[in-house]
Amino acid sequence: VVLVVMGVSGCGKSTVAGLLAGQLGWDIEEGDDLHPPANVAKMASGHPLTDEDRWPWLARVAGWIRARTDAGRPGVITCSALRRSYRDVLRGEHVVFVYLAGTHDQIAARLAARHDHFMPAGLLDSQFATLEPPGAGERALAVDISAGSQDIAAQIVARLGLSAAGLDAKVSEL
Ligand SMILES: Nc1ncnc2c1ncn2[C@@H]1O[C@H](COP(=O)(O)OP(=O)(O)O)[C@@H](O)[C@H]1O
Ligand SMILES: [Mg+2]
């Protein structure tokens, strides 16, 4: 299985993905690191990305996922994956989306406290405007971000039945 930890900027993707990969011993990738430099520069200057900016990036995220599933290796990757059409690029038999769900106010407060990151807090409005939460049939687990990050990671492991081997008997119930 490959988990795609998704949601708006500041919802906790990097934090939770890091905990999951550490606990499970899985491969991890930071989807932000797969952006072309031009995309990072654009976001850093406060401009939201367009779909044209996003397709090449999503193709690289999909490439990372495919390399894991082809090799039969479990993994976890962070990717905002805000729209359903973006998730369509990433979807696959072994892919499960983990949607970190929080309110605008909750996430704005966290972004205000986070300084060492290229994404300015002012882009949060456009992130929420773009967001299409995963719907039925998308093989997605929604997790409330009110809990501490350790709790959230533990919830994901328990609810999906994850192990070091990536065995995921419960995933079929999604
Ligand atoms: N469950 C949590 N509770 C409180 N703060 C959190 C939680 N998860 C993440 N944070 C903090 O919120 C900020 C954004 O988290 P981060 O993992 O960088 O989000 P993302 O990768 O989605 O942009 C960071 O400063 C992080 O330490
Ligand atoms: Mg991040």
Side-chain angles (χ1 to χ4, degrees), residues 2-50 53-54 56-65 68 74-84 86-87 89-90 95-134 138 140-160 162:
V2 172
L3 303 182
V4 177
V5 180
M6 59 159 289
V8 300
S9 178
C11 69
K13 299 182 294 294
S14 298
T15 306
V16 170
L19 289 169
L20 288 171
Q23 279 170 32
L24 297 163
W26 290 6
D27 293 347
I28 181 168
E29 180 65 280
E30 189 64 67
D32 283 344
D33 292 345
L34 300 180
H35 272 297
N39 284 5
V40 176
K42 193 168 178 178
M43 288 184 277
S45 68
H47 300 286
L49 298 181
T50 64
D53 299 323
R54 282 178 165 124
W57 165 59
L58 289 164
R60 294 181 68 183
V61 174
W64 190 89
I65 294 171
R68 297 289 142 337
V76 53
I77 186 165
T78 62
C79 178
S80 50
L82 297 177
R83 285 191 196 282
R84 187 176 183 126
Y86 306 161
R87 294 190 291 277
V89 178
L90 310 179
V95 176
V96 175
F97 295 97
V98 175
Y99 167 48
L100 301 183
T103 66
H104 185 287
D105 286 356
Q106 209 171 20
I107 294 169
R110 289 184 191 177
L111 282 178
R114 181 180 72 170
H115 300 296
D116 56 340
H117 197 274
F118 67 82
M119 181 73 91
L123 281 187
L124 189 59
D125 289 352
S126 80
Q127 294 259 303
F128 267 100
T130 307
L131 175 66
E132 295 168 1
E138 284 207 63
L141 177 73
V143 185
D144 188 289
I145 64 163
S146 304
S149 48
Q150 298 276 0
D151 277 11
I152 292 171
Q155 246 188 74
I156 295 165
V157 168
R159 286 171 68 186
L160 293 177
L162 305 177

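Whatever order the structure lists them in is the order used to number ligands and atoms, beginning at 1.
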Side-chain contact test, heavy atoms from C-beta onward, threshold under 4.5 Å: evaluate it for L3 versus I77 and give yes or no. no
Under 3.5 Å, is there a donor on one side chain and an acceptor on the other for D144 and S146? yes
Keeping to distances under 2.8 Å, can you name the protein N/O/S atoms close to the Mg ion (ligand 2)? S14 OG
Between R54 (side chain) and Y86 (backbone), is there a donor-acceptor pair under 3.5 Å? no
Answer with yes or no whether T78 contacts ligand 1, where contact means a heavy atom under 4.0 Å from a ligand atom. no
Give the atom numbers and elements of ligand 1 that come within less than 4.0 Å of a heavy atom of I152. 1 (N)
Would S149 count as being in polar contact with ligand 1, using the rule that some N or O on each side must be under 3.5 angstrom apart? yes
Can you tell if the side chain of L24 reaches within under 4.5 Å of the side chain of P74, non-hydrogen atoms only? no
protein heavy-atom neighbour closest to atom 7 (C) of ligand 1 works out as R110 NH1, 3.4 Å
Pairing residues for R60 by the side-chain contact (heavy atoms from CB on, under 4.5 Å) criterion, not counting sequence neighbours: L34
Under a 3.5 Å cutoff, is there a donor and acceptor pairing between the side chains of S9 and Q127? no
Purely on distance, is any nitrogen or oxygen of A147 under 3.5 Å from one on ligand 1? yes
